[in-house]
Enquirer: 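Input: one structure, supplied below.
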Amino acid sequence: MCGIIGIVSTTPVADRLVDGLRRMEYRGYDSAGVCTVHEGELVRRRAEGKLANLVAALAADPAPGTVGIAHTRWATHGAPTARNAHPHATEHLALVHNGIIENYKELRAELNGEGRVLESETDTEVVAHLLSREVERGASPETAIQTVLPRLRGAFALAVAFRSRPDMLIGARLGSPLVLGHGDGEMFLGSDALALAPLTQRISYLEEGDWVVLTRDGADIRDAGGAPVEREIVTSGATAAAVEKGNYRHYMQKEIFEQPTVVAQTLGSYIRQADATVALPQLDVDLSTVKRITMVACGTSFYAAMIAKYWFETFARVPVDLDVASEFRYRDPVLERGGLSLFISQSGETADTLAALRHCKAAGQTIGVIVNVPTSTMAREADILLPTHAGPEIGVASTKAFTCQLAVLAALATHLAVRRGLMSRAEEQDVVAHLLEAPASLNAALKLDGAIEAIAPLVAPARDVLYLGRGPDYPLALEGALKLKEISYIHAEGYASGEMKHGPIALIDDRVPVIVLAPSGPLFEKTVSNMEEVRARGGKVILISDEEGVRQAGDGALATVCMPRVHPLIAPLVYAVPVQLLAYHVAVAKGTDVDQPRNLAKSVTVE
Ligand code: F6R
């Protein structure tokens with residue numbers, strides 16, 4: 001949700017700022033802007049829409065200067081127009097912001113009451129004016145920031161450039177991430193290490209309430225009370241190459257095809273191949289006594305949790321409470337002290353999930369986090385950190401992070417079952433053997449790319465699409481519907497197959513494709529019955545099953561996708577592939593923006 005970057009250097013910064021924004025476009029792409037300090041002036045360029053528009057604006061009217069800040073926006077307050085684009089500026093300073101200033105209305109009223117005119121509809125601009133007011137009263141930038149920060153409620157990562165100070169920037173964070181990059185005779189600020197990847201690998205993570213004065217020679221970091229603090233310099237693993245598209249047309253396509261590799265990498269750190277056992281990394285908490293697990297996540301990560309509930313309950317016989325994070329906190333959940341709460345997130349920054357995590361921590365829960373960004377806020381606040389090794393996921397629609405989450409969750413469920421004495425050595429070895437089959441099965445599923453591309457034209461013209469599944473294929477049906485709607489803008493719903501007759505069947509007619517996810521197995525016959533109910537009403541079925549399933553039930557389907565035969569444990573990972581590929585090819589057929597679908601952002605850092 002918005003990306004910010006700042007550079008203090010001795011050479012021009014505009015191009016590097018824009019390059020940093022390019023790496024953060026996944027955080028939002030409603031508008032973009034740059035402001036440099038040059039010859040005693042603030043040089044500001046802003047443009048509505050994608051970064052390409054800002055690049056064009058800069059080409060027509062460059063922004064010279066060796067100090068600057070920049071922003072890519074996901075609109076929260078105010079339409080995505082150039083006027084609402086950051087940086088927001090006054091006569092004295094310019095500022096970029098990621099987060100939300102919750103008390104902006106009262107601050108705006110106060111400023112208006114003094115005759116100050118704010119030009120945008122954003123929550124951010126009040127911060128620029130509050131700081132400016134302090135500067136006008138004679139305060140130094142440092143004093144101004146110290147006076148203003150305590151007045152802000154909500155979440156923010158800020159970078160501020162001052163007209164009179166071409167030698168420095170100020171950064172501050174509370175609730176939104178901000179990293180400091182250490183260069184050679186230059187310093188950087190960014191929303192994440194990825195933004196700074198080509199500039200430096202030497203990173204410090206600012207802590208909650210920190211603010212920092214950045215000069216070419218270094219950083220003076222202060223905590224919320226103004227006391228000088230040190231923040232460790234770590235080497236960021238983020239590489240510029242990891243965020244290139246390679247030979248693929250879209251990031252999403254590349255990330256779908258990376259799944260065999262990244263799932264293998266992820267499993268590699270949870271499985272000890274020598275004795276075929278599950279071995280969780282750095283686990284110094286005894287999970288054998290866990291009586292109940294609370295799982296909280298959003299979107300695709302929530303569907304991974306839904307699938308895992310089947311595994312935790314079947315293997316480990318531990319009851320699982322599940323919630324989407326935005327609902328969880330506000331329903332006053334019952335949390336027994338000492339229970340385990342598990343949070344699943346690709347970014348590790350999703351505001352709702354983070355707020356739920358902190359709520360559980362305050363309630364005395366042990367905090368487990370399955371996260372793809374190991375330096376994220378959630379990772380740093382976890383008692384048990386279970387990383388996925390999917391690598392940077394740039395496509396807004398989550399794909400490889402999902403299958404890696406499933407791999408970790410399957411390993412964790414197995415670990416719990418063993419620790420609770422419910423799984424014998426032989427059974428554990430059997431489970432491990434099936435998990436290790438996943439990368440090869442994912443590869444086999446990817447070979448169906450051409451077949452799925454051929455089916456896409458059957459779905460692309462539809463206004464509505466239904467996805468059906470039973471057991472763990474039900475959450476996968478929800479995930480399929482989410483993928484399709486977010487990148488192709490086709491209305492899609494996922495249902496538990498057995499629920500059809502309780503209402504949704506009324507939607508069926510010959511214009512509604514119904515995607516049935518049904519690997520052969522104990523639930524297959526029942527799903528086939530539901531499929532027949534759809535067909536009897538003229539519904540157009542696309543069956544995704546294995547050879548046995550297609551042989552038994554493929555007749556009369558509009559199309560079939562014949563998947564490799566896989567063990568039920570890994571079926572949700574493997575069946576994720578056709579679901580992702582179908583959404584991808586439908587979106588390509590419709591000509592939508594696959595990697596940057598409208599209204600979305602990758603990292604949702606606002607509630
Ligand atoms: C869908 C998608 C979103 C995310 C959700 C949670 O393709 O990507 O639904 O899954 O915003 O994000 P994380 O996992 O970063 O907490």
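Note: hydrogens, waters and symmetry copies are ignored here, and every other heavy atom, side chains too, is used. Ligands are counted one by one from 1 in listed order, and the atoms in each one are counted from 1 as well.
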Enquirer: So among Leu416, Leu412, Ile271, which one has a side chain to side chain contact (heavy atoms under 4.5 Å, CB included) with Leu280?
Expert: Leu412
Enquirer: Where do His77 and Asn84 land on the side-chain hydrogen bond (donor to acceptor under 3.5 Å, both in side chains) test, with the steps shown first?
Expert: CA-CA 9 Å; His77 294 64; Asn84 288 330; over 6 Å; no
Enquirer: What are the atoms of ligand 1, with element, lying closer than 4.0 Å to any heavy atom of Ala397?
Expert: 7 (O)
Enquirer: So is Lys483 touching ligand 1 or not, going by heavy atoms under 4.0 Å?
Expert: yes
Enquirer: Can a non-hydrogen atom of Val396 be found less than 4.0 Å from any atom of ligand 1?
Expert: yes
Enquirer: Only heavy atoms of Gly299, strictly under 4.0 Å: list the atoms of ligand 1 that pass.
Expert: 9 (O), 10 (O)
Enquirer: Please could you name the atoms of ligand 1 that Ser347 approaches to less than 4.0 Å, counting only its heavy atoms?
Expert: 13 (P), 15 (O), 16 (O)
Enquirer: Are Arg173 and Glu349 close enough for a salt bridge, meaning some N to O gap below 4.0 Å?
Expert: no
Enquirer: Please determine if Thr350 has a nitrogen or oxygen closer than 3.5 Å to a nitrogen or oxygen of ligand 1.
Expert: yes
Enquirer: Pairing donors with acceptors under 3.5 angstrom, does anything connect the side chains of Thr403 and Gln259?
Expert: yes
Enquirer: Thinking salt bridges, do Arg470 and Asp473 make one under a 4.0 Å N-O criterion?
Expert: no
Enquirer: Who gets closest to atom 2 (C) of ligand 1 by heavy atom: Thr300, Leu354, Ile344?
Expert: Thr300
Enquirer: In terms of atom number and element, which parts of ligand 1 are under 4.0 angstrom from non-hydrogen atoms of Glu486?
Expert: 1 (C), 7 (O)
Enquirer: Ser345 heavy atoms, cut-off 4.0 Å: which ligand 1 atoms fall inside?
Expert: 13 (P), 14 (O), 15 (O), 16 (O)
Enquirer: By the salt bridge (Lys or Arg N to Asp or Glu O under 4.0 Å) test, which pairs, at least two apart or in different chains, include something from residues 293-310?
Expert: Lys309-Glu313
Enquirer: Which atoms of ligand 1 have any heavy atom of Cys298 under 4.0 Å away?
Expert: 5 (C), 6 (C), 10 (O)
Enquirer: Examine Gln405 against ligand 1 and note whether any of their N/O atoms are separated by less than 3.5 Å.
Expert: no
Enquirer: At a 4.0 Å threshold, what atoms of ligand 1 neighbour a non-hydrogen atom of Ser301?
Expert: 10 (O), 13 (P), 14 (O)
Enquirer: Indicate yes or no: does Lys400 engage Glu393 in a salt bridge with an N to O separation below 4.0 Å.
Expert: no
Enquirer: Could you pull out all residues at least two apart from Thr300 that satisfy side chain to side chain donor-acceptor pair (under 3.5 Å)?
Expert: Glu479, Lys483
